[in-house]
Engineer: 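Sharing a structure, written as structure tokens. Questions coming.
Order of the sequence lines fixes the chain letters, A, B, ..., with proteins taken first and strands second; residue numbering starts at 1 for each chain. Owing to the predicted nature of the structure, the values given are computational and were not obtained by experimental measurement.
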Protein chains: 2
Amino acid sequence: MPKKSTPSNIKMSDIAKIAGVHTSTVSRALAGSPLVDEAVRKKIAGIARSCGYVVNSAARSLRLRRSQTISVAIPLGHESQQPLSDPFFVEMFGYLADEITQRGYGVHLQKILPPMDRWLENLIASNQPDGILIIGQSTEHKAIEAMAKKFLPLVVWGGQVARQSYCTVGSDNIEGGRLAAEHLLACGRQKIVFVGDTNAPEFLLRYKGYRAALEHSSHDIEKPYLASSHLTADGAYAAVKSLIAGKHALDAICAATDIIAANAIRAITDTGKTVPGDIAVVGYDDIALAAHTNPPLTTVRQDIQQGARTMVDLLFRRIDGEKTPSAIIPTQLVIRASSGCP
Amino acid sequence: MPKKSTPSNIKMSDIAKIAGVHTSTVSRALAGSPLVDEAVRKKIAGIARSCGYVVNSAARSLRLRRSQTISVAIPLGHESQQPLSDPFFVEMFGYLADEITQRGYGVHLQKILPPMDRWLENLIASNQPDGILIIGQSTEHKAIEAMAKKFLPLVVWGGQVARQSYCTVGSDNIEGGRLAAEHLLACGRQKIVFVGDTNAPEFLLRYKGYRAALEHSSHDIEKPYLASSHLTADGAYAAVKSLIAGKHALDAICAATDIIAANAIRAITDTGKTVPGDIAVVGYDDIALAAHTNPPLTTVRQDIQQGARTMVDLLFRRIDGEKTPSAIIPTQLVIRASSGCP
DNA sequence: TTGAAAGCGCTACCAC
DNA sequence: GTGGTAGCGCTTTCAA
């Protein structure tokens, strides 16, 4: 390792020397302590500015045991191939970052891959973030549950799980799954397949909603049918292709996410069939892409921006010691052309 | 501020006590130093694991003056309203994060808003990142130029500027702008308007390429015409609407980015005109959305993933002391329906 | 109101 | 190979 090129090696003691005071006074002055004389404060602030001095955050964090940083963790237990560049994560992360930086905190991103032994403990011990946001429980419900008891400032984007005691934000996934399936039923579809990975609570809940809709239907409907699919673009594409090639007849796909749905459309089209003519498709999330697929995607909207805002709001209230409850953000069916029905 | 709930207060000296050795030995053992006896090393590693011990990165950074962290900065001098959630940033950031985490480094995201006095110095002094990636020069060419002389591990996504000495990665923007304009000319369009904000070097270069194409054309073409546009969705939409309402006739739009192009399409359609019938549209970037607009967007493709990979590769070579040159990633016209011409 | 001194947790130098 | 020790840059208690 070559020696570090550090442009700014100015430290607090340098400022102190120039100002002719002790370091502790500089520290207080820069922190805006009322103890320090106003004239002295101004003088110190001036010197600091003209020297381009900024406190070293590592030293500050070490001393304060507080880092002014929020860690955003993305556990990919169910799906280690899924890249951070997945549009849903990336869209969600962007909104979270907007909200966090606006409050003067830094944002640290961490991708958690299996094996994930004690990842949460390690994340906290190592980075000492002031709060943690987890996007998707993945298969980590237990780990999160255990940690949430000891570490308060923790908010999770995901599905509500029975007897869960940590704070989640998410849409009502059962309701959303039901909305999607009921819409397809109302459009006259009878062989509706759910495509997704039910190892993650969110998707399992959506699947449950879908099942409920089918089972409560008075029409003569094919039994619920689950086609497992990876969440990557290629994985979803392949899953749908083999589904179509398989012997299970279908006239509609209820996808666990928009990414799966968008790739389902591609797979169906590439097979020579039409959407929604032969097979109708409904997604979930309403990411930016959904409005622009061809045909545009009917989907269950979760307002990601509002979700992000809610998560950050709850997180900061927890940092302040409040024991916030979970929040559910509204869910809404957005009807576009892919379901072939007004 | 309520007292911090810290689940893991175990430190190195605790491990040392349990193992019956000195802290320095633990430090060496955990760092995999060849000095420490193999049996001792294993014992210490075992204890550390079973205690869930992880080194405190603030302390480590302070001591080492090295943070195992890369800062990704997004200066928005030209466009303070542009959110971090802009699809281009977010897509680029996702790929960068993938590459960086894969190398065992942390990722820190920073949004830089005006007034940006000394922001680069401050970023370095405060966060002590081991390297910096800047997405887009925005209006900050001078600040970056000055810093690049003192701080080596710095790579910028953006346009190549005359006499620039820092390391950039980006497509050949002049060439790209020319490709777009030439394509429209080849399709028989004669009143082509460039829509974008030329305050950022990248977009200025694209505009130059566009001008060059028009000026070299032998046909009877309208003079180059620049319609300024914000990069936000709403800003671009409004800009194009007022362009159409204005007195300058046009039959094609050469957009500085896909976001502008996508919103141009929306604006044109909402005005009752058709794309590409009345007005052809060409974008720039080929973000994920481009393939899915209606009609699908003809655009100048920059391979963002390859760009990200290149940036991170160059950055780590710079961290190792190498003085890497700038890199240009290939540019390619992707013809879809929005330009109305095969 | 300011100064002195301790110490946050870690690594690296110097002895042995 | 291992132990002792100094010190990274900062904040905060305690004295003055």
Engineer: From CG of A:Leu64 over to P of D:dT13, roughly how many Å is that when rounded to an integer?
Structural biologist: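 In whole Å, D:dT13 P lies 11 Å from A:Leu64 CG.
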
Engineer: Begin from the C-alpha positions of A:Val54 and B:Ile124 and carry the test side chain to side chain contact (heavy atoms under 4.5 Å, CB included) through to its verdict.
Structural biologist: CA-CA 9 Å; A:Val54 194; B:Ile124 296 171; over 6 Å; no

Engineer: Please report the distance, rounded to the nearest Å, between CG in A:Leu35 and C1' in D:dT13.
Structural biologist: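 Nearest whole value for this atom pair: 12 Å.
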
Engineer: Take the protein atom NE2 of B:His22 and the nucleotide atom C1' of D:dA6, then report the distance between them rounded to whole Å.
Structural biologist: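 Rounding to the nearest Å, NE2 of B:His22 and C1' of D:dA6 are 12 Å apart.
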
Engineer: Could you state the CZ-P distance from B:Arg65 to C:dA12, rounded to the nearest angstrom?
Structural biologist: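 B:Arg65 atom CZ is separated from C:dA12 atom P by 13 Å.
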
Engineer: Check the pair A:Glu140 / A:Trp119 against side-chain hydrogen bond (donor to acceptor under 3.5 Å, both in side chains), numbers first and verdict last.
Structural biologist: CA-CA 10 Å; A:Glu140 298 303 300; A:Trp119 61 275; 2.8 Å; yes

Engineer: Counting N and O atoms only, with roles assigned by atom type, does the side chain of B:Arg318 sit under 3.5 Å from a partner on the main chain of B:Thr324, one being a donor and the other an acceptor?
Structural biologist: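 Checking the backbone N and O of B:Thr324 against the side chain of B:Arg318, a donor-acceptor pair under 3.5 Å is found.
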
Engineer: Could you state the atom-to-atom distance from CD1 of B:Ile15 to P of C:dC10 in whole Å?
Structural biologist: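 It is 9 Å, rounded to the nearest whole Å.
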
Engineer: Taking the nucleotide of DNA chain D with the closest heavy atom to each, which residue, B:Gly20 or A:Leu62, is nearer the 5' end?
Structural biologist: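 Taking each residue's closest nucleotide, the earlier one in sequence belongs to B:Gly20.
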
Engineer: Separation of B:Arg60 atom CZ from D:dC10 atom P, in whole Å?
Structural biologist: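 Answer to the nearest Å: 20 Å.
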
Engineer: Check this for me, if you would: do A:Lys111 and B:Asp98 make a salt bridge, where the nitrogen-to-carboxylate-oxygen distance has to be below 4.0 angstrom?
Structural biologist: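 Looking at B:Asp98 together with A:Lys111, the answer is yes, because their closest N to O distance falls below 4.0 Å.
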
Engineer: Separation of B:Met12 atom CE from D:dG3 atom P, in whole Å?
Structural biologist: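 Roughly 14 Å, once rounded to whole Å.
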
Engineer: Quick check for you: among D:dG3, D:dC10, D:dC8, whose closest atom lies nearest to any side-chain atom of A:Arg63?
Structural biologist: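 Selected nucleotide (nearest to the side chain): D:dC10.
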
Engineer: Starting at OG of B:Ser126, measure out to OH of A:Tyr53 and round the result to the nearest 0.5 Å.
Structural biologist: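 Between atom OG of B:Ser126 and atom OH of A:Tyr53 there are 9.5 Å.
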
Engineer: Indicate the ring-plane relationship of A:Tyr105 and A:Phe316, choosing parallel, tilted or perpendicular according to the 30° and 60° boundaries.
Structural biologist: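 Ring orientation, 0 to 90° scale: perpendicular.
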
Engineer: In whole angstrom, give the distance that lies between atom NZ of A:Lys17 and atom P of D:dG9.
Structural biologist: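 Value for this atom pair: 11 Å.
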
Engineer: Any idea which of C:dG3, C:dC10, D:dT11 is nearest the A:Ser27 side chain?
Structural biologist: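 It is D:dT11.
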
Engineer: Taking the axis from the first five pairs and the axis from the last five, what angle separates them in the helix from C:dT1-D:dA16 to C:dC16-D:dG1, rounded to 10 degrees?
Structural biologist: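 Rounded to the nearest 10 degrees, the bend comes out at 40°.
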
Engineer: Starting the side chain at C-beta, find the nucleotide from D:dT11, D:dC8, D:dG4 nearest to B:Ser24.
Structural biologist: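 Shortest atom-to-atom distance from the side chain points to D:dG4.
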
Engineer: Within the pair B:Thr25 and D:dG1, is there a side-chain N or O less than 4.0 Å away from OP1 or OP2?
Structural biologist: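 For D:dG1, neither OP1 nor OP2 has a side-chain N or O of B:Thr25 closer than 4.0 Å.
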
Engineer: Applying the side-chain hydrogen bond (donor to acceptor under 3.5 Å, both in side chains) test to A:Tyr166, which of A:His141, A:Lys149, A:Glu145 qualifies?
Structural biologist: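 Considering A:His141, A:Lys149, A:Glu145, a side-chain hydrogen bond (donor to acceptor under 3.5 Å, both in side chains) with A:Tyr166 is found only for A:His141.
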
